[in-house]
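In what follows, a single structure is set out as structure tokens and then discussed.
Every chain is numbered from 1 and lettered A, B, ... according to where its sequence line falls, protein lines coming before strand lines.
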There are 2 protein chains.
Amino acid sequence: LAPAMEDIGNAFLNHYYTTFDQNRALLGVLYQSNSMMTFEGVQCLGQQAIVTKLTTLPFQQVVHNILTRDFQPGPTPNSIMVFVTGQFAVDGEMDKPHLFSQFFHLVPTAQSNYFVYNDIFR
Amino acid sequence: LAPAMEDIGNAFLNHYYTTFDQNRALLGVLYQSNSMMTFEGVQCLGQQAIVTKLTTLPFQQVVHNILTRDFQPGPTPNSIMVFVTGQFAVDGEMDKPHLFSQFFHLVPTAQSNYFVYNDIFR
């Protein structure tokens, strides 16, 4: 049985934000050479540029807290649209969380895994 | 010359929120029978269900104010991923705006127009 879209989406989100908060350099494997990330309006194309952006964000400690998760199928087979809202807090301001929202478009790989094709963070 | 992705995305957003605030029943033409909308966690499939949801929201007057707009190409030809954050205020609470974020996946029609395939609002 193929796992349900929500199961895949939830597993992705739990993995993504846990990895982001523990060692965000490891997020690179989720992207490919044609992946796009727009982070607070800054556009990055490809795994290398995305990892560089993520690992040079100006904070060390960060904690994400997901508030809402929405999933929809995309138009291509087994693709998943993932929409998240939540809060995050950084170094020395753990009592001052910021709101964020983020969109991921997950696309299956030839190896029956998923990679992030689109990523938009605000 | 094909219009740039940002031009199409901005024209769509200006039209969408202006129409929403003036007469949201007219938004139906932007959706097709396979369009999906998830509005505050409530899933609607198809133009008819989406229009019914939009026109039965529990307010009359509404004003949207866009704060950020991000666009990325999708994996299918000329498709556009649109990500918006903003504020809206409703009947009798125009001084108490709410934050929102919304995602649209715009897909070309056979008539060289666009329709909304995915729509997620929070």
Side-chain angles (χ1 to χ4, degrees), chain A residues 4-6 9-10 13 31-46 49-50 53 66-87 97-110 114-122, chain B residues 4-6 9-10 13 31-46 49-50 53 66-87 97-110 114-122:
Chain A
M5 177 182 68
E6 285 83 359
N10 278 313
L13 289 178
Y31 299 89
Q32 296 193 356
S33 60
N34 57 345
S35 298
M36 288 164 272
M37 179 178 77
T38 305
F39 191 95
E40 293 281 8
V42 178
Q43 298 180 3
C44 305
L45 174 62
I50 291 168
K53 177 63 178 172
I66 298 175
L67 296 176
T68 67
R69 304 160 180 243
D70 293 302
F71 308 106
Q72 287 183 359
T76 57
N78 298 313
S79 66
I80 306 174
M81 306 288 177
V82 179
F83 191 84
V84 183
T85 68
Q87 298 177 316
H98 305 269
L99 290 171
F100 76 92
S101 53
Q102 189 160 12
F103 164 69
F104 299 97
H105 179 198
L106 305 183
V107 174
T109 65
Y114 279 84
F115 77 100
V116 179
Y117 188 84
N118 301 95
D119 175 355
I120 304 178
F121 176 93
R122 279 285 183 180
Chain B
M5 177 184 67
E6 284 84 358
N10 278 313
L13 289 178
Y31 300 89
Q32 295 193 357
S33 60
N34 58 345
S35 299
M36 287 163 273
M37 179 177 77
T38 305
F39 192 94
E40 293 282 8
V42 178
Q43 299 180 2
C44 305
L45 174 63
I50 290 168
K53 177 64 178 172
I66 297 175
L67 296 176
T68 67
R69 304 162 180 243
D70 294 300
F71 308 106
Q72 287 183 0
T76 57
N78 297 314
S79 66
I80 306 175
M81 306 287 176
V82 180
F83 191 86
V84 183
T85 67
Q87 298 177 317
H98 305 268
L99 290 171
F100 75 92
S101 53
Q102 190 161 13
F103 164 70
F104 300 98
H105 179 198
L106 306 183
V107 174
T109 65
Y114 278 84
F115 77 100
V116 179
Y117 187 84
N118 300 94
D119 175 355
I120 303 177
F121 177 93
R122 280 286 182 179

- Message: Looking at chain B, which one of A/Gly74, A/Ser79, A/Gly41 has the largest number of heavy-atom pairs inside 4.5 Å, strictly under?
- Response: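 Top option by heavy-atom pairs under 4.5 Å: A/Gly74.
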- Options A/Thr76, A/Val107, A/Asp119, ranked by heavy-atom pairs under 4.5 Å with chain B, top entry: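 Of A/Thr76, A/Val107, A/Asp119, A/Asp119 has the most heavy-atom pairs under 4.5 Å with chain B.
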- Item | Separation between CZ of B/Arg122 and OG1 of A/Thr85, rounded to the nearest 0.5 Å |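 The distance works out to 6.5 Å.
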- To the nearest 0.5 angstrom, please state how far the CD atom of B/Gln43 sits from the CZ atom of A/Phe71.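 Those atoms lie 10.5 Å apart.
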- Item | Validation row: A/Phe83, B/Ser101 side chains within 4.5 angstrom (heavy atoms) |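 Touching, per the 4.5 Å side-chain cut-off.
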- Query: Is there side-chain contact between A/Met81 and B/Met81, with at least one heavy-atom pair below 4.5 Å?
  - Reply: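 Counting from C-beta outward, A/Met81 and B/Met81 do come under 4.5 Å.
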- Relative to chain B, which segment of A/Leu67 carries a heavy atom at a distance below 4.5 Å: side chain, backbone, both, or neither?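 Nothing of A/Leu67, per the 4.5 Å heavy-atom cut-off to chain B.
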- Under 4.5 Å from a heavy atom of chain B, the part of A/Thr38 involved: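 For A/Thr38, backbone and side chain are both near chain B.
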- Take the angle between the ring planes of B/His105 and A/His105 and call it parallel below 30°, perpendicular above 60°, tilted in between.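 Tilted.
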- Message: On a heavy-atom basis, which atom in B/Met37 and which in A/Gln72 lie closest, and how many Å separate them?
- Response: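 Closest pair (atom of B/Met37, atom of A/Gln72, distance): C-NE2, 3.6 Å.
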- Looking only at non-hydrogen atoms, find the nearest pair between A/Asn118 and B/Pro75 and report the distance.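 Residues A/Asn118 and B/Pro75, closest heavy atoms: OD1-CD, 4.4 Å.
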- chain A contact via B/Glu40 - side chain, backbone, both or neither, heavy atoms under 4.5 Å: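 Answer is neither: B/Glu40 stays 4.5 Å or more from chain A.
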